[in-house]
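Worksheet: one structure, shown below.
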Amino acid sequence: MTFYRHSGPRSYLSSTMSDRTDCFYCRDNLQGKKYVKKDDKPVCVRCFEKLCANTCAECRKPIGADAKELTHKNRHWHEDCFRCAKCYKPLANEPFAARDDGKIMCGKCGAREDSHRCQGCYKVIMPGEKSVEYKHKSWHEQCFTCFDCKQPISSQSFLTKGDDFYCSSCHEKKFAKNCARCKEPITSGGINYQDKPWHSECFVCHTCKKPLAGARFTAHEDEFYCVDCYKTSVAKKCSGCQNPITGFGRGTNVVNYEDKTWHDYCFNCKKCSLSLAHKRFVINGEHIYCTDCAKKL
C-alpha cells in the first residue's frame, strides 16, 4: 500500500471584484461582489456552486466556493470529510493511504488493514514485525512453534504432519522409522524393501558398497549384492558351462542334483544334446545322459 501526504486544502473564492465584469454564465454584474475564477473566467458564487463545484466523495454534497477542498487522483473532499474510514482521524495534513475500494485511511489503520493475520494468535502482523510465511500463510515468529515441544521454530528446518509443524528432533522421536541396517531414524527419503526401511546410503552391496537404489541386486543370507559381485563372490557355478548361476535373465531356471547345479538350458544329454530338464536322466562320471544314450554306453 502506498502512502501520500497533502499539501493542504484550497479555497476557490477570490476577493471582491472592483472593476465592471459580468459572470461568465448568468452575465450578472460582479462589481462589488465576491466571485470565483474558474478556468480564468469570472463566475458568480451562485453559478459556481450550481454548475462548477466538485462533489465531495464522502458526503456527496457540492463543495462550495467558500469551502476548503482536498483533491487526490481526480476525487474531491470537503476538508472536514477527508478522514480515516476506520478511526475517523482528520487527514488534511497527515499521511494517508488510498485503497482500491476508494477508502481513505491513516497510516496506522492502512497498515493494519493491508497486513496479514497470524495463523497462531489471529492478530495483525504489523509492518516490521518478525514473521514466518509458509504456503501463503503467515505467523508471528514467536507463534510459529513446534506442535510437540511448543518451542519457536524460527528459521530452523521443520517437518509437517497433517496441519501441524514439528522441529526436526521432535519429528524424529515421534514419527521417523529406524533404518534396518544402522537402526538410526530416517528423516527424509529412504528405501523400503521387504517391508523394512533403509537409508539410501545403508542399502548397498555387501561386497563393493555400491548403492543399490534403482539398480538390479539379489539377496543372499540376509545380505544384498549387486549383479557383478553376486556373480563373482556368491553365485554357484553351472556344472555344464562353468558360468555363474545368477538368477537373472536367461539363467532364471536351474536344475539341482545332489551337490551340483546347472542352468536348465545346460542340463542336456552329453551325447545327443537333448534337454533333460523335467526328464529322466543318467549320470556317468561327470556327464549326464538321456536314458536312450545311456543304454549305448
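- Without hydrogens or angle criteria, His263 side chain to Pro244 main chain gives a donor-acceptor distance under 3.5 Å.
- Residue pairs meeting the side-chain hydrogen bond (donor to acceptor under 3.5 Å, both in side chains) criterion with at least one member in residues 80-92, sequence neighbours excluded, do not occur.
- Proximity of a side-chain donor or acceptor of His78 to a complementary backbone N or O of Pro62 within less than 3.5 Å is detected.
- Here the closest heavy-atom approach between residue Gly64 and residue Phe48 is recorded as C-CE2, 4.2 Å.
- The shortest side-chain heavy-atom distance between Tyr35 and Thr21 does not fall under the 4.5 Å cut-off.
- Judged by a 6.0 Å distance limit and a 45° cone about the ring axis, Lys161 is not positioned over the six-membered ring of Phe147.
- Residue Gln242 qualifies as enclosed at atom CD: its count of foreign heavy atoms under 6.0 Å is above 12.
- Between Phe203 and Tyr193, the ring-plane angle classifies as tilted under the 30° and 60° cut-offs.
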Worksheet item: Do Thr71 and Glu69 pass the side-chain hydrogen bond (donor to acceptor under 3.5 Å, both in side chains) test, and can you show the C-alpha distance, the side-chain angles, and the key distance before you say yes or no?
Response: CA-CA 7 Å; Thr71 301; Glu69 178 180 293; 3.3 Å; yes
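- The structure places SG of Cys179 at 9.5 Å from CD1 of Ile191, a figure rounded to the nearest 0.5 Å.
- At a threshold of 4.5 Å between non-hydrogen side-chain atoms, the residues Cys290 and Leu276 count as touching.
- Classification of the Trp139-Tyr134 ring pair by plane angle, with boundaries at 30° and 60°, yields tilted.
- Between the CZ atom of Arg75 and the SG atom of Cys56 there is a distance of 9.5 Å, given to the nearest 0.5 Å.
- Residue Val124 comes nearest to His140 through the heavy atom pair O-NE2, 3.5 Å, listed as atom of the first residue, atom of the second, then distance.
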Practice prompt. Test ring-ring contact (aromatic ring centres under 6.0 Å, His included) on Phe281 and Tyr257 and set out the steps.
Written response: CA-CA 11 Å; Phe281 61 92; Tyr257 181 73; 5.3 Å; yes
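- Distance NZ/Lys271 to OH/Tyr289: 7.5 Å, rounded to 0.5 Å.
- Using a 4.5 Å cut-off on side-chain heavy atoms (C-beta onward), Leu91 and Glu94 make contact.
- For the atom pair Arg27 CZ and Asn29 CG, the distance stands at 11.0 Å (nearest 0.5 Å).
- Contact between Thr261 and Val254 at its shortest, heavy atoms only, is CG2-CB, 4.2 Å.
- Rounded to the nearest 0.5 angstrom, Cys269 SG and Lys279 NZ are separated by 11.5 Å.
- The side-chain heavy atoms of Cys167 and Phe158, taken from C-beta on, include no pair separated by under 4.5 Å.
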Worksheet item: Are Phe96 and His72 close enough, and set up right, to give a ring-ring contact (aromatic ring centres under 6.0 Å, His included), and what steps lead you there?
Response: CA-CA 11 Å; Phe96 66 92; His72 177 70; 5.2 Å; yes
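- A donor-acceptor contact shorter than 3.5 Å is absent between the side chain of Glu223 and the backbone of Ala219.
- In this structure, Phe224 CZ and Leu212 CG are separated by 8.0 Å, a value rounded to the nearest 0.5 Å.
- Taking the charged nitrogens against the carboxylate oxygens, Asp28 and Arg46 do have a contact shorter than 4.0 Å, which makes a salt bridge.
- Taking the side-chain hydrogen bond (donor to acceptor under 3.5 Å, both in side chains) definition, one finds that His171 meets it with nothing, sequence neighbours left out.
- Between Phe144 and Phe165, the ring-plane angle classifies as tilted under the 30° and 60° cut-offs.
- No more than 12 heavy atoms of other residues, nucleotides or ligands sit less than 6.0 Å from atom NZ of Lys296.
- By the side-chain hydrogen bond (donor to acceptor under 3.5 Å, both in side chains) test, Lys209 is found to be paired with no residue, residues two or more places apart in sequence or in another chain being considered.
- Between the side chain of Trp198 and the backbone N or O of Lys196, at least one donor-acceptor pair lies under 3.5 Å.
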